[in-house]
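One structure is given below, encoded as C-alpha cells.
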Amino acid sequence: MQDTLSSPILAGQTAVVTGGASGIGKSIVQRFLEAGANCLAADLNEEALAALKEEFAAYGDKLDIARVDVSDRDAVEGMVDRAVDMFGQMDIIVNNAGIMDNLLPIAEMDDDVWERLMKVNLNSVMYGTRKAVRYFLDRGEGGVIINTASLSGLCAGRGGCAYTASKFAVVGLTKNVAFMYADTGIRCNAICPGNTQTNIGVGMRQPSERGMAKATTGYAGATRSGTPEEISAAALFLASDQAGFINGETLTIDGGWSAY
C-alpha cells in the first residue's frame, strides 16, 4: 500500500472525469489534483470548463479540459485517447455526467425524454467503461472505474421513471464489469449519492406534481443535503489503493436517508 504520509495517494496517476466542470464532478477533479493525479475534466459546458481551468491554474499542465458530449460514443472514446496522449496513460475514469427527468412517472413520460436520459445517464457510462476496460486490458496493469449512480439506483421511489431506470442500470453494469474483470486488476465501483447540493436539477423547470409528491415521501427523514465535497471524498477513497479490495460495490452517501 502506498505510504500516504510521504506522498499524495494518487501521485503519478491520470484520471478522466466526466461532468467535471461543476458540482460533484468539479469536486472530484479538485480532490484528485490535490492527491497528486493528472486530470482531464470533460464537460459539455465550455464556459464552465474555461472557468475551471482558470480557477485551478495553479495545477498548470496537470489539468486538461475538453468539451465532450457524453451521449456521443466517438466523443467519449476520443476523450480517453486524449488523456492518454496528453499524460501518457490513464489509470482512473469517473463516469459522472448525468441529467434528470422532471420526476416524470411513466404515464407522463415521452419518448424524447426517455431516450435523452438513457443516452446521457446510461449509454455514456457504457461507452466510457468499455473504452477504459479495453485500454486497461491492453495495458495489462489494471485500472479503476467509478460510476456515479444515485440513491435512485437503489431505491425506486426517489426520482422519475427514466432517471431511476438509468441509475439502476448503471448499478447493474458496474457490478457486471467488476465481476467479469476482477481477475485482471480492474476495479469497478459506483457511488450512490442522496440529495446533494449541485446544479443537476437546473433543467427541472416543471417537475411532475405526482412525481414530486411521491419522490419526496419520507424526505423529512433526511437531516440535510450533502455537499459535493462529501461525495468526492468517497470517490477519492475508491480511486486509491486503500480501496484495493473493494470491487463491484455501491457506496451509498446519503446521511442515512435511505436507512429509515
Side-chain angles (χ1 to χ4, degrees), residues 18-19 22-25 43-45 68-73 75-76 94-130 145-178 188-222 225-226 228 231 248-260:
T18 67
S22 65
I24 291 171
D43 205 287
L44 191 61
N45 188 327
V68 176
D69 178 355
V70 295
S71 69
D72 182 326
R73 179 197 63 199
V76 173
V94 184
N95 296 301
N96 169 74
I99 56 175
M100 296 187 76
D101 64 358
N102 280 317
L103 299 174
L104 295 173
I106 197 164
E108 301 171 39
M109 180 66 59
D110 63 54
D111 291 350
D112 289 343
V113 173
W114 176 270
E115 289 167 9
R116 177 64 176 159
L117 261 289
M118 293 304 156
K119 286 179 180 178
V120 174
N121 289 4
L122 176 58
N123 291 5
S124 70
V125 177
M126 190 278 283
Y127 298 149
T129 300
R130 181 175 63 187
I145 302 162
I146 300 172
N147 297 322
T148 300
S150 168
L151 190 57
S152 288
L154 302 172
C155 303
R158 299 305 208 283
C161 175
Y163 185 78
T164 301
S166 70
K167 294 302 185 178
F168 262 79
V170 167
V171 168
L173 183 151
T174 298
K175 289 180 175 292
N176 180 268
V177 170
C188 186
N189 293 293
I191 53 176
C192 298
N195 189 35
T196 308
Q197 299 165 21
T198 72
N199 63 355
I200 191 173
V202 166
M204 289 212 312
R205 294 181 179 87
Q206 294 180 313
S208 161
E209 271 187 51
R210 172 178 287 274
M212 179 64 79
K214 292 290 186 178
T216 55
T217 300
Y219 188 65
S225 297
I231 312 304
E249 185 56 79
T250 52
L251 180 55
T252 305
I253 316 165
D254 73 345
W257 182 25
S258 59
Y260 71 90

side-chain contact (heavy atoms from CB on, under 4.5 Å) involving A97 - partner list, sequence neighbours excluded: T18, V70

Can you name the side chain to side chain donor-acceptor pair (under 3.5 Å) partners of N176, sequence neighbours left out? none

Would the distance check show the side chain of D101 and the main-chain N or O of L103 forming a donor-acceptor pair, the cut-off being under 3.5 Å? yes

Name all residues meeting the salt bridge (charged side-chain N to carboxylate O under 4.0 Å, His left out) criterion together with R130; count only those two or more places apart in sequence or in a different chain, and write none if there are none. E77

Can you tell me how far CG of N121 sits from CG of N95, rounded to the nearest 0.5 angstrom? 11.5 Å

Let me confirm one number: the OG-CG distance from S258 to L151, rounded to the nearest 0.5 Å. 5.0 Å

Check A149 against A190 and note the closest heavy-atom contact, atom names and distance. CB-CB, 4.3 Å

Does the side chain of I24 reach to within under 4.5 Å of the side chain of P193, using non-hydrogen atoms? yes

Can you check whether W114 reaches C161 side chain to side chain, under 4.5 Å on heavy atoms? yes

Closest non-hydrogen contact found for V120 with G98 is CG1-CA, 4.1 Å

Sub-4.5 Å side-chain heavy-atom contact between V113 and L104: yes

With a 4.5 Å limit on heavy-atom distance, are the side chains of T250 and L154 in contact? yes

Answer yes or no: are there more than 12 heavy-atom neighbours, outside K175 itself, under 6.0 Å from its atom NZ? yes

Scanning both residues in full, the closest heavy-atom pair of R116 with S71 reads NH1-OG, 3.6 Å

Rounded to the nearest 0.5 Å, what separation is found between the CG atom of N147 and the CG atom of N96? 10.0 Å

I146 vs T148 side-chain heavy atoms within contact, under 4.5 Å: no

G153 to V171 - nearest heavy-atom pair and separation: O-CG2, 3.8 Å

Non-hydrogen atoms of D43 and N45 that approach each other most closely: OD1-N, 3.0 Å

Just jot down the side-chain contact (heavy atoms from CB on, under 4.5 Å) partners of D111, sequence neighbours excluded, or say none. E115

With S152, which residues qualify under side-chain contact (heavy atoms from CB on, under 4.5 Å), at least two apart? S150, R158, Y163, T164

Evaluate the side-chain proximity of L117 to I99: yes if any heavy-atom separation is below 4.5 Å, no if none is. yes

Smallest heavy-atom separation, M118 atom then A162 atom, equals CE-O, 3.5 Å

Min side-chain heavy-atom separation D72-V76 under 4.5 Å: no

Tell me whether T196 contacts the main-chain N or O of G194 through its side chain, where contact means a donor paired with an acceptor under 3.5 Å. yes

OG1/T129 to CD1/I145 distance, rounded to the nearest 0.5 angstrom? 5.0 Å

Could you verify whether a donor N or O on one side chain and an acceptor N or O on the other, from D254 and T252, lie under 3.5 Å apart? no

With sequence neighbours left out, write down each residue that passes side-chain contact (heavy atoms from CB on, under 4.5 Å) with N189, or none if nothing qualifies. R187, L238, I246, E249

